[in-house]
Amino acid sequence: MFQAARKGHYAIGAFNTNNLEWTRALLKGAQELNVPILIQTSMGAAKYMGGYKLCKALIELEAESMNITVPVVIHLDHGNFEAAKEAIAAGYNSVMFDGHDLPFDENLEKTKEIVKLAHAKGISVEAEVGSIGGEEDGVIGEGELASVEEAKTLAATGIDFMAAGIGNIHGKYPSNWKGLHFDRLQEIADAVDLPLVLHGGSGIPQDQVEKAISMGIAKLNINTECQLAFAKATREYILANKDQEGKGYDPRKLLAPGTQAITDTFKEISGWMGTRPVKMVPEEIK
């Protein structure tokens, strides 16, 4: 899927889930657009939700109950070594081992081990070179640029896609953010024939994301934008006193506007990413 996206100069969304509503909202959006989706859990979200086995079962059973026919990838986002092994054992079909905070040689060796474990079960692996700025589950990155030579070395481990630091950060972007480093992205894209991943996709100006996609970004990670959309819609519902009308306090009603806002956000972002509709099976995505 992601190799096809890189060749076709479009991206597939990698959206974090945080609970049942998030999962249903994302699946609904993907089905309505007839596009593939990667639903991912961070280590913190998986712990909050009850563990990797529960997360996998929730996504699978929701997809079954909703009659989802588009391809759904269940992915671990920013997993450490132990988390990656746990997600592999739980049956995720894709994992990210994030060893950027380790000495590069250690990152390399542990990536090789995760690739061996995952590929034995047909599971794809994402790894990271350089650091994504901001904080993700307590891991703080300064946002340094990825080394082209390290990117080439990491790619040789057999990973399936690569996240590279090109000035992107997690969470909200500060007003003094200088933008993506397209020169470094081009250097990495020329050196590494893998689908590239842009983390911290929420908040990067659309024109910069579209340019990055044209240069080899095939997987775009989104979390904060959905969180903000959910919070905004829920706040508006309560400020309008809808929770005081009839049984508006019922969580199925209280959470509905925010859930729909996630679906709307997914569809908007997938639209300008150029995510291509599914024909019949993943192999037919060209």
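The analysis underlying the following values was restricted to heavy atoms, covering all of them including side chains, and did not include hydrogens, waters or symmetry mates.
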Proximity of W22 and F230 rings by center, below 6.0 Å: yes
Note, T153 side chain near V129 side chain (heavy atom, < 4.5 Å): no
Any L76 side-chain heavy atom under 4.5 Å of M96 side chain: no
Side-chain heavy atoms of F161 within contact of L194, under 4.5 Å: no
Sub-4.5 Å side-chain heavy-atom contact between I269 and V209: no
From NZ (K152) to CG (D190), nearest 0.5 Å: 11.0 Å
L180 backbone acceptor or donor facing Q208 side chain under 3.5 Å: yes
Check: T275 and P36 side chains under 4.5 Å, non-hydrogen atoms: yes
Co-membership, hydrophobic cluster, residues I39 and L61, 4.5 Å side-chain: no
Lys/Arg N to Asp/Glu carboxylate O, E109 vs K112, below 4.0 Å: yes
Pairwise side-chain contact, F81 with L102, heavy-atom cut-off 4.5 Å (strictly under): no
Expected output: side-chain R276 to main-chain G8 donor-acceptor under 3.5 Å: yes
K211 to F182, cation-pi by 6.0 Å centre distance and 45° axis angle: yes
N-O pairing of E21 and R24 below 4.0 Å: no
Distance-minimising heavy-atom pair for P277 and L33: CB-O, 4.4 Å
Neighbour count above 12 (heavy atom, 6.0 Å) for K267 NZ: yes
Candidate pair K116 and E113, rule salt bridge (charged side-chain N to carboxylate O under 4.0 Å, His left out), full reasoning: CA-CA 5 Å; K116 183 178 179 181; E113 187 167 345; over 6 Å; no
Intermediate values then yes/no, side-chain hydrogen bond (donor to acceptor under 3.5 Å, both in side chains), D183 and H181: CA-CA 6 Å; D183 290 348; H181 292 259; over 6 Å; no
Donor-acceptor pair, side chain of T157 and main chain of L154, under 3.5 angstrom: yes
